[in-house]
**Q** 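Below you will find the structure I want to go over with you.
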2 protein chains.
Amino acid sequence: MTDELRIFRNFIKKNNIKNSRSREKILEIFLNTEKHISIYELHDLVKRQYPEIGLATIYRAMNIICRSDLAETINIGDGVKRFEHKYGHRHHDHLICIKCGKIIEMHNDDIEEIQKKMCKKFDFKMTDHKLQIFGYCKNCLD
Amino acid sequence: MTDELRIFRNFIKKNNIKNSRSREKILEIFLNTEKHISIYELHDLVKRQYPEIGLATIYRAMNIICRSDLAETINIGDGVKRFEHKYGHRHHDHLICIKCGKIIEMHNDDIEEIQKKMCKKFDFKMTDHKLQIFGYCKNCLD
DNA sequence: TATAATAATGATAATGATTTTCATTATTAG
DNA sequence: CTAATAATGAAAATCATTATCATTATTATA
Ligand SMILES: [Mn+2]
Ligand SMILES: [Mn+2]
Ligand SMILES: [Zn+2]
Ligand SMILES: [Zn+2]
């Protein structure tokens with residue numbers, strides 16, 4: 001059994017949620033993609049193997065998967081939530097190509113440090129942050 | 001006439017848009033608030049002086065005001081776009097209190113510099129970026 | 001294993017922000 | 001002043017997401 005499945009089942013047990021075949025299939029398919037994936041795209045993927053699974057079930061499953069800390073959402077401002085793996089992936093920021101939609105992941109410790117410093121300056125207790133850089137990726141520069 | 005009104009009328013002229021009383025009133029009221037304001041809130045404000053102005057007109061006006069670079073949108077992830085002044089306000093990032101909704105503005109040149117460096121590293125041509133830090137403001141810490 | 005309690009499901013309706021449509025009104029060039 | 005056309009408000013449409021509800025699946029326990 002994978003770490004992720006173990007974590008998921010633990011979360012299910014701890015929260016008086018019942019097990020469900022569908023939900024574990026959704027988790028499996030989500031974990032097998034490396035995209036920043038929307039509900040709609042994930043539903044499409046899931047339907048290929050399990051055509052009977054409805055959209056609402058994907059919403060409900062991804063909600064629980066996020067609460068179990070296996071996924072988190074990103075919002076690039078186009079009105080659609082996307083999901084990415086959280087387990088085994090350290091915090092990172094995103095470079096988002098406004099032409100092709102490509103999302104590049106990056107991390108920089110200095111930025112993180114300065115952020116903390118700025119929070120201290122404003123007596124602000126940070127719980128989370130997101131840095132998104134919009135522009136053109138390598139391939140989309142003429 | 002204010003700088004802003006001049007810029008606005010120039011933009012109107014350059015883009016074959018007709019002048020409109022309502023639109024300039026919306027602009028005026030928007031410029032008189034210093035909040036990060038939603039369409040709904042702005043409509044409420046506008047209705048006090050001009051009860052006949054409809055919601056769609058606020059949407060249409062703010063869209064043009066943004067295109068004229070007098071305003072820009074921020075999206076703090078609650079599904080509602082907010083607008084803030086752009087003219088005469090340099091770029092800044094936001095600390096967003098997840099309890100009371102307060103938005104603190106901050107700017108740090110080092111962060112901006114590192115961002116540019118990271119873009120170079122990935123051959124990415126930045127057009128825009130946003131950094132949002134979520135947490136608790138001074139007043140909301142117990 | 002059978003059963004009762006209850007959570008999960010899919011279809012569909014509801015919601016909320018935003019956009020579009022359309023008939024009417026306002027602006028503007030000539 | 002008039003014709004052309006953009007702007008308007010009301011209402012309908014759209015789109016992502018959430019809630020509802022009757023049915024099905026899971027699970028604890030008798
Ligand atoms: Mn990512
Ligand atoms: Mn601001
Ligand atoms: Zn690209
Ligand atoms: Zn606060």
Side-chain angles (χ1 to χ4, degrees), chain A residues 5 8-30 36-44 46-68 71-83 101, chain B residues 5 8-30 36-44 46-68 71-83 101:
Chain A
L5 191 51
F8 192 59
R9 288 193 175 160
N10 268 339
F11 182 84
I12 294 294
K13 192 169 295 174
K14 280 208 188 89
N15 290 78
N16 305 315
I17 301 169
K18 279 185 181 160
N19 270 322
S20 127
R21 277 309 189 83
S22 309
R23 200 158 42 206
E24 290 200 350
K25 283 167 180 165
I26 293 166
L27 174 62
E28 181 197 325
I29 291 171
F30 168 68
H36 297 82
I37 197 170
S38 69
I39 290 286
Y40 185 85
E41 290 167 331
L42 183 57
H43 187 215
D44 261 10
V46 169
K47 273 192 299 187
R48 288 187 203 160
Q49 295 183 56
Y50 311 102
E52 71 282 6
I53 292 181
L55 191 60
T57 301
I58 310 279
Y59 273 103
R60 290 186 278 233
M62 289 314 296
N63 198 0
I64 294 173
I65 291 169
C66 283
R67 289 201 284 136
S68 76
E72 70 185 318
T73 60
I74 78 166
N75 195 316
I76 64 174
D78 63 352
V80 184
K81 258 184 217 150
R82 272 160 246 264
F83 295 84
Chain B
L5 190 51
F8 192 59
R9 288 191 176 161
N10 268 339
F11 182 84
I12 295 294
K13 191 169 295 172
K14 280 209 189 86
N15 290 80
N16 306 315
I17 301 168
K18 279 184 179 159
N19 271 323
S20 129
R21 278 309 191 82
S22 309
R23 200 159 42 207
E24 290 200 351
K25 282 166 180 166
I26 293 167
L27 175 62
E28 180 197 326
I29 291 171
F30 168 67
H36 297 83
I37 197 170
S38 68
I39 291 286
Y40 186 86
E41 290 167 332
L42 183 57
H43 187 216
D44 260 11
V46 169
K47 274 191 300 185
R48 289 186 203 160
Q49 296 183 55
Y50 311 102
E52 71 282 4
I53 293 181
L55 191 60
T57 302
I58 311 278
Y59 273 103
R60 290 186 278 232
M62 290 314 296
N63 197 4
I64 294 173
I65 292 169
C66 283
R67 288 200 285 136
S68 76
E72 70 184 318
T73 59
I74 78 167
N75 195 317
I76 64 175
D78 63 352
V80 184
K81 258 185 216 147
R82 272 160 246 264
F83 296 83

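Within every chain, numbering begins at 1; the chains are lettered A, B, ... in the order of the sequence lines, protein sequences first and strands thereafter.
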**Q** May I ask you to verify if any side-chain N or O of B/Arg23 is less than 4.0 angstrom from the OP1 or OP2 atom of D/dA7?
**A**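 True: B/Arg23 side-chain N/O within range (under 4.0 Å) of D/dA7 OP1/OP2.
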
**Q** So does A/Arg21 get a side-chain nitrogen or oxygen closer than 4.0 Å to the phosphate oxygens (OP1/OP2) of D/dA25?
**A**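 No, A/Arg21 has no side-chain N/O under 4.0 Å of OP1/OP2 on D/dA25.
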
**Q** Under 3.5 Å, is there a donor-acceptor pair between the side chain of B/His43 and the main chain of B/Ile53?
**A**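 Side chain of B/His43 to backbone of B/Ile53: a pair is present.
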
**Q** Return the value, rounded to whole Å, for the distance between atom OH of A/Tyr40 and atom C1' of D/dT14.
**A**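 That distance rounds to 14 Å.
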
**Q** Other residues, nucleotides and ligands only: do more than 12 of their heavy atoms fall within 6.0 Å of OH on A/Tyr40?
**A**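 No, OH of A/Tyr40 has 12 or fewer neighbouring heavy atoms, counting only those of other groups under 6.0 Å.
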
**Q** B/Asn19 or B/Ile39: which one's nearest nucleotide on DNA chain C is closer to the 5' end?
**A**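 Comparing both residues, the 5'-ward one is B/Ile39.
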
**Q** On DNA chain D, does the nearest nucleotide to B/Leu55 precede the nearest nucleotide to B/Asn16 from the 5' side, or the other way round? Give the residue.
**A**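 Closest to the 5' end, via its nearest nucleotide, is B/Asn16.
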
**Q** Looking at every heavy atom in both A/Arg67 and A/Ile17, which two are closest together, and how far apart are they?
**A**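 Smallest heavy-atom distance, with atoms named: NH2-CD1, 4.1 Å.
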
**Q** Ignoring hydrogens and angles, does a donor from either the side chain of A/Lys81 or the base of D/dT17 sit under 3.5 Å from an acceptor on the other?
**A**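 No such pair is found, so the answer is no.
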
**Q** For the pair made of CD in B/Glu24 and P in D/dT8, what is the distance, rounded to whole Å?
**A**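 The distance from CD of B/Glu24 to P of D/dT8 comes to 11 Å, rounded to the nearest Å.
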
**Q** Whole Å only: how far is the OH atom of A/Tyr59 from the P atom of C/dT15?
**A**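 In whole Å, C/dT15 P and A/Tyr59 OH are 17 Å from each other.
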
**Q** Would you kindly give the OH-to-P distance between A/Tyr50 and D/dT24, to the nearest whole Å?
**A**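 Computing the A/Tyr50:OH to D/dT24:P distance gives 22 Å.
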
**Q** Report which part of the nucleic acid A/Ser38 touches: base, sugar-phosphate, or nothing (heavy-atom distance under 4.0 Å, all strands).
**A**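 Answer is nothing: A/Ser38 stays at 4.0 Å or more from every strand.
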
**Q** With the side chain of A/Lys18 defined as its heavy atoms from C-beta on, choose the nearest nucleotide among D/dA25, C/dT28, C/dA11.
**A**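 Between D/dA25, C/dT28, C/dA11, the one nearest the side chain of A/Lys18 would be D/dA25.
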
**Q** Take the protein atom CD1 of B/Ile58 and the nucleotide atom P of C/dA17, then report the distance between them rounded to whole Å.
**A**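 Result: 15 Å.
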
**Q** With heavy-atom distances below 4.5 Å as the criterion, would you say the side chains of A/Ile64 and A/Phe8 are in contact?
**A**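 Result yes, sub-4.5 Å side-chain heavy-atom pair found.
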
**Q** Side-chain contact test, heavy atoms from C-beta onward, threshold under 4.5 Å: evaluate it for B/Arg48 versus B/Ile29 and give yes or no.
**A**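 Counting from C-beta outward, B/Arg48 and B/Ile29 never come under 4.5 Å.
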
**Q** Is any side-chain nitrogen or oxygen of A/Ser20 closer than 4.0 Å to OP1 or OP2 of C/dA8?
**A**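 Answer no for this pair, as no side-chain N or O of A/Ser20 is under 4.0 Å from OP1 or OP2.
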
**Q** Can you check the A/Arg9 CZ to D/dT26 C1' distance for me, whole Å?
**A**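 Computing the A/Arg9:CZ to D/dT26:C1' distance gives 14 Å.
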
**Q** Once you round it to whole Å, what is the distance between P of D/dA10 and CD1 of B/Ile53?
**A**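 Result: 11 Å.
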
**Q** Would you mind reading off the distance between B/Ile17 atom CD1 and C/dA26 atom P, rounded to a whole angstrom?
**A**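 Interatomic distance, CD1 of B/Ile17 to P of C/dA26: 20 Å.
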
